[in-house]
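Data first, discussion second: the structure below is written as C-alpha cells.
Values in this document were obtained by computation on a predicted structure and should not be read as measured data.
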Amino acid sequence: MALLWLDDVRAADLETVGGKGASLGELTSAGLPVPPGFVVTAGTYRDFIEKSGIDEDLFAAMDIDSEDSKALAGAQERAHELIMGTPMPEEVRAEILEAYRTVGTDGEQAFVAVRSSATAEDLPDASFAGQQETFLNVREKDLLERVKECWASLFSQRAIYYRNQKGFPHHEVDIAVVVQQMVDAEKSGVMFTSHPSTGEPRVIIEAAWGLGEAVVSGAVSPDNYVVDRKTGDVADVTIADKKVMHVKDEATGETVEVEVPEEKREQRVLSDEEIAALVTLGEEVEDHYETPQDVEWAIVDGEIYMLQSRPITTISDSGAEESSGEAIANGGAESAQSSGDVLLRGLGASPGIVSGSVRIVTKLDQLDKVVEGDIIVTEMTMPDMVPAMKRAAGIVTDEGGMTSHAAIVSRELGVPAVVGCGSATRELTDDQVITIDGDKGTIREGRETKDVEEREPVEDVRPKTPVKPMTATEVKVNVSIPEAAERAAATGADGVGLLRIEHMVLSLGMTPEKYIKEHGERAYVDEIVEGVRTVAEEFYPRPVRVRTLDAPTDEFRQLPGGEDEPNEHNPMLGYRGIRRSLDKPDVFKHELRAFRRLFEMGYDNVEMMFPLINDAEEVYQVKNLMRETGINPDKHDWGVMVETPASALGIRSLAEAGIDFASFGTNDLTQYTLAVDRNNENVADRFDELHPAVLELIGSTIETCRELGVKTSICGQAGSKSKMVQFLVDEGVTSISANIDAVRDVQHEVKRVEQKLILDSVR
C-alpha cells in the first residue's frame with residue numbers, strides 16, 4: 001500500500017511515515033485539531049528508487065567532500081535529475097490521486113499542503129528542520145510532481161551537508177510525503193510550549209497575518225507574546241511592524257507574498273482569548289509527548305489548527321542558571337529585570353540588544369582577551385579586529401558614524417553595535433557588565449534579562465533564498481568581508497552591488513607593499529583571489545561587483561609598513577581611491593591580476609569597479625593598465641564609482657570612455673557636496689544624503705546614463721533608506737544595493753514604488 005491516512009498513523013510509525021507524518025498522526029489520535037490528510041509512505045519512495053534502478057547512481061553521487069560547495073551543488077543537481085526524470089509507477093499515481101480526491105470538500109479542486117517527512121527528522125537530538133521541501137496550495141494537476149519534488153529534496157545541499165555532520169548515512173534515510181487539507185490561514189505562527197533555551201514554564205508565541213511560511217522563512221517580523229504558564233498571565237507583548245504576509249492568490253491558487261494593509265501592519269495579531277486557547281493546546285501537546293514542543297499553528301474563522309509539532313532541541317541541560325550567566329542575544333521577548341541607568345549614548349549602528357562583560361581594546365595585541373559573549377569597547381575598529389568581532393556579543397566605539405568600519409562590519413556579522421559614544425573606553429572598565437541597545441544607541445549598567453526565542457540554527461530552519469518580491473529594479477547587497485557572504489546570499493539579493501577589497505587587504509596586518517616584500521607578489525594576489533572567490537562562489541551566477549582598493553592614509557599608517565604614509569589633516573579628501581592606485585601602478589596591477597585569475601577560473605560573475613574617479617582621463621589610464629595585465633575591457637563588465645560632484649557632472653565623458661556602469665557612493669558624494677566629514681560626529685546631524693543638491697547630481701547622472709545605455713546603481717548607505725529608494729526608482733536607476741539587514745525592506749519598497757508607477761501610468 002502506497003499511503004496511510006493520518007487517522008491510522010501513530011508516533012511508533014516513524015520509519016514508515018517520517019517524523020512529520022508520525023507527529024501529525026499522533027496529534028490526530030490525541031483528538032487535537034489537525035487538518036485531515038494522508039501520507040505517501042517512505043516505503044513508496046524506497047520502492048521507487050530501487051525498482052527503477054536509480055538507487056546506486058543516487059547514493060554514488062553523494063560520495064563527496066561536503067565542505068566543497070561546488071561538489072554539494074553537483075550532488076544536489078544529479079539527485080534531482082535522477083528522481084524527477086524517472087516516471088512514477090502507474091499504480092502509485094492512481095492511489096495518490098484517488099486519496100487526494102477525498103480530501104477536503106472541493107473534490108478535484110481541493111487545495112492541499114504537500115510536506116516532506118524524512119525518517120530522520122524531528123528527533124530529540126537532531127531536528128533536521130527546514131531541509132526538505134514544502135508546497136502550499138497544491139491542486140491535482142501539480143500534485144504528483146510536487147510529491148517527487150519532496151523526494152528529490154531529501155538531497156538538497158543543506159540536507160546532504162547536515163546528514164554528513166550528524167553522521168547519518170544517506171542510504172539509511174528515507175522520505176515520506178504528507179498531503180494535507182490546506183488551511184487558508186488568516187493568522188498563523190509558531191509556539192514554544194516551554195522556554196526554548198532554559199526550559200522554564202513560559203510559552204513563547206510568534207504570530208503574523210496570513211500563512212505561517214512568512215514567519216518560518218523570516219520574511220516578516222512577527223508579534224511576540226510571552227505567557228507565564230504558572231499564572232496564565234501574558235507577561236510580555238511585542239507588536240511588530242508586519243510589512244508582508246503570504247496568502248493564496250485567488251486567481252492562480254499559488255502562494256504569493258503581498259503587503260499587509262496599512263491599518264493591520266502594527267495591529268496586534270492575537271487577542272488574549274486566542275493566546276489562552278493556544279497555550280491550552282500547547283500544554284496538551286507537551287503533556288502528550290512529555291517533552292517541550294515547537295508547534296506550528298494557524299487560525300481561520302476562529303478555529304485553531306495544529307500544522308506540526310516537534311520536540312525543542314535547544315534547551316540547555318543547565319537551564320536558566322546557565323543562561324543568566326551568558327551574554328543574552330537579541331531575538332526574543334523582552335522582560336527587563338536588572339538593567340540600570342543609561343551610562344552612555346551613541347549611534348545605534350547595528351540592531352539588537354545584548355548584555356555581556358566589557359573588554360577594553362586600545363591595541364591590537366589586546367584582542368586575544370576577547371572571548372565568546374564579551375562586548376568589545378574600543379576607540380574605533382580596524383579590519384584586523386574582524387576575528388574578535390565575530391566572537392564578540394556586541395561592539396561599542398568612541399568614534400565613527402553609521403558608515404564607519406565598526407558599523408558596516410557589525411551589521412554584516414549580525415552583531416549589535418553602538419558607535420560614536422565619545423568616551424566609552426575611558427568611562428567603562430574591563431569586566432564591567434553592560435547592556436547595549438543597537439537600535440536606540442544606549443549603553444546601560446548591568447544585565448538585561450530576556451526570554452530568548454532560540455530555535456534551530458538559521459541555516460537549518462530557513463530556506464537559503466527566501467521568497468522575495470519580483471522587481472524590475474534589481475536589489476543587491478553590500479558586502480565588506482568574505483565571512484559575511486553566506487549571510488548576504490541568504491537575503492535573496494540579486495547580486496552584490498559592492499564588495500570592498502580594502503577590508504581583505506587591511507586584514508593582512510601590514511601595508512600591501514610590506515606584505516608583497518615579505519611574502520611575494522603571488523601570495524598577495526592569492527589573498528585577494530581567495531577573498532573575492534568566497535563571495536563570487538556563494539552568489540554564482542548572480543553578479544558580484546568588486547571595488548578596488550580605497551583605504552585612506554590613516555588606516556594604512558597604523559599598520560606595519562605604514563610609517564611613510566602621509567599625515568593628512570583629512571584623509572577622506574586625500575591620497576585614496578583611484579588616485580593612489582594610479583600613482584602606485586605596480587601595486588594596482590596586482591589587484592588587476594587577481595581579477596584576471598578569477599576570470600580564468602570561470603568566475604564570469606565578477607565585475608570590476610574603480611573608486612573616486614573624477615574624469616575620463618583616469619578611466620583611460622585604468623583601461624590601459626587592464627590591457628597591460630591581460631584583461632580585455634571589452635569582454636568583462638566594469639565601471640566606476642560616482643562619488644564626487646566632478647564625476648557626476650562629467651558622467652557623459654566617463655560613459656564615452658567605455659564604462660558599463662556607474663555606481664553612486666552616496667557616503668562620499670554627500671560629504672563632498674555638502675562639505676561634511678562623514679566620520680565626524682560633531683557634524684553628523686548635517687550629513688544628509690537626501691539634500692536637494694545631492695539628489696540633483698544623482699538624478700542628472702541617471703538621466704544621462706539612461707540616454708547612453710550605461711547601467712546605474714547605488715551602493716552607499718543611503719540605498720537602504722525608503723525615501724532614497726523612492727527617488728531612485730522614480731528616476732529609473734538600474735539597481736539598488738543595500739546593507740544586509742535592509743535588503744528585505746528595500747525589496748518591498750522597490751516593489752511598492754514600481755507598482756505605484758504602473759498604476760499612475762494606467763490612470
Side-chain angles (χ1 to χ4, degrees), residues 364 378-386 389 397 399-401 403-410 412 478-484 498-519 524-525 527-532 535 545-592 594-595 608-614 618 622 625 640-641 643-644 663 665 667-669 671-672 677-680 715-717:
L364 293 179
T378 185
E379 292 182 6
M380 59 185 292
T381 64
M382 296 288 290
D384 304 66
M385 294 184 176
V386 170
M389 293 172 73
T397 68
E399 302 175 8
T403 62
S404 64
H405 176 270
I408 292 170
V409 173
S410 295
E412 293 192 6
N478 297 331
V479 178
S480 297
I481 54 177
E483 292 90 338
L498 171 62
L499 172 61
R500 300 170 173 90
I501 271 188
E502 59 266 18
H503 289 301
M504 304 176 205
V505 173
L506 294 173
S507 66
L508 298 176
M510 57 187 74
T511 61
E513 292 91 338
K514 185 174 179 63
Y515 189 88
I516 292 168
K517 183 178 180 180
E518 294 192 3
H519 300 278
Y524 181 69
V525 173
E527 289 287 348
I528 297 174
V529 167
E530 190 55 36
V532 175
V535 183
R545 210 164 267 181
V546 186
R547 188 181 71 188
T548 56
L549 193 60
D550 183 20
T553 53
D554 59 333
E555 293 188 8
F556 274 128
R557 196 169 55 251
Q558 297 183 50
L559 297 174
E563 300 81 9
D564 296 329
E565 286 289 320
N567 194 345
E568 298 177 313
H569 181 65
N570 190 337
M572 300 304 291
L573 296 174
Y575 192 52
R576 52 172 288 217
I578 203 66
R579 56 189 66 162
R580 175 192 282 269
S581 297
L582 295 177
D583 193 51
K584 295 185 175 182
D586 290 342
V587 175
F588 183 47
K589 284 182 180 179
H590 294 319
E591 296 176 49
L592 296 177
F595 282 114
M608 298 171 287
M609 183 160 64
F610 304 103
L612 216 63
I613 292 281
N614 262 342
E618 291 173 333
V622 169
L625 290 171
V640 300
M641 297 285 294
E643 300 168 282
T644 66
S663 186
N667 301 332
D668 278 333
L669 184 59
Q671 75 170 348
Y672 296 146
D677 180 354
R678 74 189 206 197
N679 285 334
N680 186 338
C715 56
Q717 178 79 12

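- Residues Leu549 and Glu591 approach most closely at N-OE1, 3.0 Å, considering heavy atoms.
- Residues satisfying the side-chain hydrogen bond (donor to acceptor under 3.5 Å, both in side chains) test with Glu518, not counting sequence neighbours, are Lys514.
- Note that the OG1 atom of Thr644 and the CG atom of Asp668 stand 9.0 Å from one another [nearest 0.5 Å].
- When the side-chain contact (heavy atoms from CB on, under 4.5 Å) test is applied to Val587, the partners found at least two apart in sequence or on another chain are Pro512, Glu513, Tyr524.
- Of all non-hydrogen atoms in Val535 and Pro482, the two that sit nearest each other are CG2-CA, 4.0 Å.
- Under the rule for a side-chain contact (heavy atoms from CB on, under 4.5 Å), the partners of Ser581 that lie at least two apart in sequence or sit in another chain are Ile578, Phe588.
- Residues Asn667 and Tyr672 form no side-chain contact, since every pair of their non-hydrogen atoms from C-beta on lies 4.5 Å or further apart.
- Closest of all the heavy-atom pairs between Ile501 and Phe595 is CD1-CZ, 4.4 Å.
- Looking at residues two or more places apart in sequence or on another chain, you find no salt bridge (charged side-chain N to carboxylate O under 4.0 Å, His left out) involving Arg557.
- Not counting sequence neighbours, Asp554 has no partner by the side-chain hydrogen bond (donor to acceptor under 3.5 Å, both in side chains) test.
- Using a 4.5 Å heavy-atom cutoff, the side chains of Arg576 and Phe556 are not in contact.
- Lys517 NZ: 12 or fewer foreign heavy atoms inside a 6.0 Å radius.
- In this structure, the side-chain hydrogen bond (donor to acceptor under 3.5 Å, both in side chains) partners of Glu527, at least two apart in sequence or on a different chain, are Tyr515.
- Leu625 is listed as a side-chain neighbour of Lys589, based on a closest heavy-atom distance under 4.5 Å.
- Inter-residue side-chain proximity for Met504 and Leu499 is flagged as met; some heavy-atom pair is nearer than 4.5 Å.
- Residues forming a side-chain hydrogen bond (donor to acceptor under 3.5 Å, both in side chains) with Thr553 (at least two apart in sequence, or on another chain): Glu568.
- Of all the heavy atoms in Arg500 and Ser480, the pair that sits closest is NH1-OG, 2.7 Å.
- Between the Asn478 side chain and the Cys715 main chain, a donor and an acceptor come within less than 3.5 Å of each other.
- Partners of Arg547 according to the salt bridge (charged side-chain N to carboxylate O under 4.0 Å, His left out) rule, which considers only residues two or more places apart in sequence or in another chain, are Glu502.
- With a 4.5 Å cut-off on side-chain heavy atoms, Ile613 and Met641 do not count as touching.
- In this structure, the side chains of Glu483 and Met389 stay at 4.5 Å or more apart for every pair of heavy atoms.
- Here the side chains of Glu618 and Asn614 are in contact, with some heavy-atom distance below 4.5 Å.
- At least one side-chain heavy atom of Thr548 sits under 4.5 Å from a side-chain heavy atom of Pro611.
- Pairing each heavy atom of Gly577 with each of Asp550, the nearest pair is N-OD1, 3.0 Å.
- Glu643 places a side-chain N or O within 3.5 Å of a backbone atom of Leu612 that can act as its donor or acceptor partner.
- The two residues Val479 and Ile481 have their closest heavy-atom pair at CG1-O, 3.3 Å.
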